[in-house]
Visitor: 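Can you read through this structure? Questions will come right after.
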Amino acid sequence: MTKMDAPPVVDTSRVFAHSGQRLYQLNTTTLAAEEIGAFANTGTQSITDIAIDKNDRMLGITMDKLYEINPTTGAATMLANLDASADGFTSLSFIPVAGNDILVSANDQGGVFRIDITAGSASMIGSYGMVGPDQIRSSGDLIGVQGLGIYATVDRGDIPGDYLAKIDETTWQATLAPNPTGFDKIFGLGFWAGKFYGFVDDGFDAGSGKIIEIDPDTGIGTVVLQENIRWFGAGVATDAPILQ
């Protein structure tokens, strides 16, 4: 391959993660979490997850509100109150479908819902399903990337540890990786240039926040960064590059 034929250099990572109150951007070269700013205007509520579309529009969700978030400052502007059907949501993501990005969330019972941004309403469109007798539930996050597909971090019944799962784009059924990640409370999931990143909340202990890389073939996670940030969620643009 000549220099003229070489693929373009991957631009700055558009993987973002957050605590309940502050927004960060993942540097996928150094694997450092670089702080952007506080989620202004959310009062006493915490942002529980974020979503980013192909045009870099960022939204955030709390237990009962939907916000527009400025990705360069972290400032939040309320868009809508969420209706009662949004109860138990633990994830938020834009998903590329037929050339358009739709906003989707999954809850702690395994249901998958499409979110109407204007109305703040949620309509069930599928379920993560079962593995044998075990219900598959959202453990923290899901992502959708054009050309890659839909992935989520999930729990399998009462089995300890979170799993990486590929999600069917029609039925929303989850297919689990062969092994658990080895980590619990992976509240954020990101992807960039062939690599999956999980953002783990270990509570208030020193070094409580872990960023892990997850092998999509085995499902096993490996710590790449550990610091005192309680990760609540993450998001990635739906047109993130697939290959390095």
Side-chain angles (χ1 to χ4, degrees), residues 12-52 56 58-65 67 69-76 88-93 105-106 108 137-143 151-155 160-164 180-193 195-215 219-237 240:
T12 302
S13 158
R14 285 143 72 208
V15 178
F16 294 83
H18 60 93
S19 65
Q21 306 297 331
R22 307 192 76 81
L23 180 65
Y24 298 80
Q25 187 168 9
L26 179 67
N27 184 320
T28 53
T29 299
T30 66
L31 299 179
E34 300 171 351
E35 183 174 328
I36 292 175
F39 292 127
N41 308 318
T42 57
T44 60
Q45 293 199 334
S46 295
I47 297 292
T48 57
D49 204 11
I50 58 173
I52 308 154
D56 295 327
M58 182 182 292
L59 301 184
I61 195 170
T62 67
M63 296 303 292
D64 61 6
K65 291 179 174 60
Y67 287 87
I69 295 174
N70 185 322
T72 62
T73 67
F89 284 175
T90 57
S91 58
L92 186 73
S93 182
S105 184
D108 54 9
R137 308 184 309 275
S138 173
S139 65
D141 209 357
L142 80 160
I143 59 170
Y151 284 81
T153 53
V154 302
D155 292 321
D162 293 352
Y163 285 78
L164 180 69
T181 60
F183 297 86
D184 193 18
K185 298 182 179 178
I186 304 175
F187 289 161
L189 182 63
F191 174 87
W192 194 260
K195 295 182 178 181
F196 287 89
Y197 299 98
F199 296 81
V200 182
D201 175 24
D202 277 342
F204 290 102
D205 295 337
S208 60
K210 296 184 179 75
I211 300 176
I212 63 174
E213 185 177 330
I214 306 173
D215 186 317
I220 296 172
T222 304
V223 175
V224 295
L225 183 70
Q226 184 166 341
E227 55 189 335
N228 294 329
I229 301 172
R230 294 196 65 190
W231 297 115
F232 274 42
V236 61

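Model, not experiment: these values are computed from the prediction.
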Visitor: Do you know which two heavy atoms are closest between Tyr67 and Gln45, and how far apart they sit?
Guide: OH-OE1, 4.2 Å
Visitor: Considering all heavy atoms of both residues, which atom of Thr29 and which atom of Asn27 are nearest to each other, and what is their separation?
Guide: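 That closest heavy-atom pairing would be N-OD1, 2.9 Å.
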Visitor: To the nearest 0.5 Å, tell me how far Lys195 NZ sits from Ser13 OG.
Guide: 12.0 Å
Visitor: Could you go through the side chain to side chain contact (heavy atoms under 4.5 Å, CB included) check for Asp202 and Lys185 one step at a time?
Guide: CA-CA 7 Å; Asp202 277 342; Lys185 298 182 179 178; 5.7 Å; no
Visitor: Between Thr44 and Gln21, what is the shortest heavy-atom contact and its length?
Guide: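 Minimum heavy-atom separation between Thr44 and Gln21: O-NE2, 4.5 Å.
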Visitor: If you measure from OG1 on Thr181 to CD1 on Ile186, what distance do you get to the nearest 0.5 Å?
Guide: 3.5 Å
Visitor: So which heavy atom on Val200 is nearest to which on Asp184, and how close?
Guide: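 Looking at all heavy atoms of both residues, the closest pair is CG1-O, 3.2 Å.
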Visitor: With sequence neighbours excluded, tell me which residues meet side-chain contact (heavy atoms from CB on, under 4.5 Å) with Ser139.
Guide: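 Once residues adjacent in sequence are excluded, the partners of Ser139 under the side-chain contact (heavy atoms from CB on, under 4.5 Å) criterion are Thr153, Asp155, Asp162.
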Visitor: Quick one: closest heavy-atom pair of Asp141 and Ala234, and the distance?
Guide: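 Shortest heavy-atom contact: OD2-O, 2.9 Å.
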Visitor: Can you confirm whether more than 12 heavy atoms, excluding those of Lys65, are under 6.0 Å from its NZ atom?
Guide: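 Atom NZ in Lys65 is crowded, with more than 12 foreign heavy atoms closer than 6.0 Å.
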Visitor: I'd like to check Thr62 versus Ile47 (side-chain heavy atoms, cut-off strictly below 4.5 Å). Are they in contact?
Guide: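 In contact.
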Visitor: Let me confirm one number: the NE2-CZ distance from His18 to Phe199, rounded to the nearest 0.5 Å.
Guide: 9.5 Å
Visitor: If you take all heavy atoms of Ala106 and Ser91, which pair is closest and at what distance?
Guide: N-OG, 3.0 Å
Visitor: Just so I know, are the side chains of Trp231 and Ile211 near enough to count as touching, which here means a heavy-atom distance under 4.5 Å?
Guide: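 A side-chain contact under 4.5 Å exists here.
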Visitor: Let me see the working for Ile50 and Leu23 under side chain to side chain contact (heavy atoms under 4.5 Å, CB included), right down to the final yes or no.
Guide: CA-CA 10 Å; Ile50 58 173; Leu23 180 65; 4.1 Å; yes
Visitor: Can you name the side chain to side chain donor-acceptor pair (under 3.5 Å) partners of Thr72, sequence neighbours left out?
Guide: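 Thr72: side chain to side chain donor-acceptor pair (under 3.5 Å) contacts with Asn70.
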Visitor: If you measure from CE on Met58 to CD1 on Ile52, what distance do you get to the nearest 0.5 Å?
Guide: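 Rounded to the nearest 0.5 Å, the CE-CD1 separation comes to 4.0 Å.
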Visitor: First locate atom NZ of Lys210, then atom CZ of Phe183, and finally report the distance between them rounded to the nearest 0.5 Å.
Guide: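 Going from NZ on Lys210 over to CZ on Phe183, the span is 6.5 Å.
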Visitor: Taking C-beta and beyond as the side chain, do Leu31 and Tyr197 meet within less than 4.5 Å on heavy atoms?
Guide: yes
Visitor: To the nearest 0.5 angstrom, please state how far the CD1 atom of Ile220 sits from the CG atom of Leu164.
Guide: 12.0 Å
Visitor: Within the side chain of Asp201, is there an N or O that forms a donor-acceptor pair under 3.5 Å with the backbone of Phe232?
Guide: no
Visitor: Strictly under 6.0 Å, is that where the ring centroids of Tyr151 and Phe196 end up?
Guide: yes
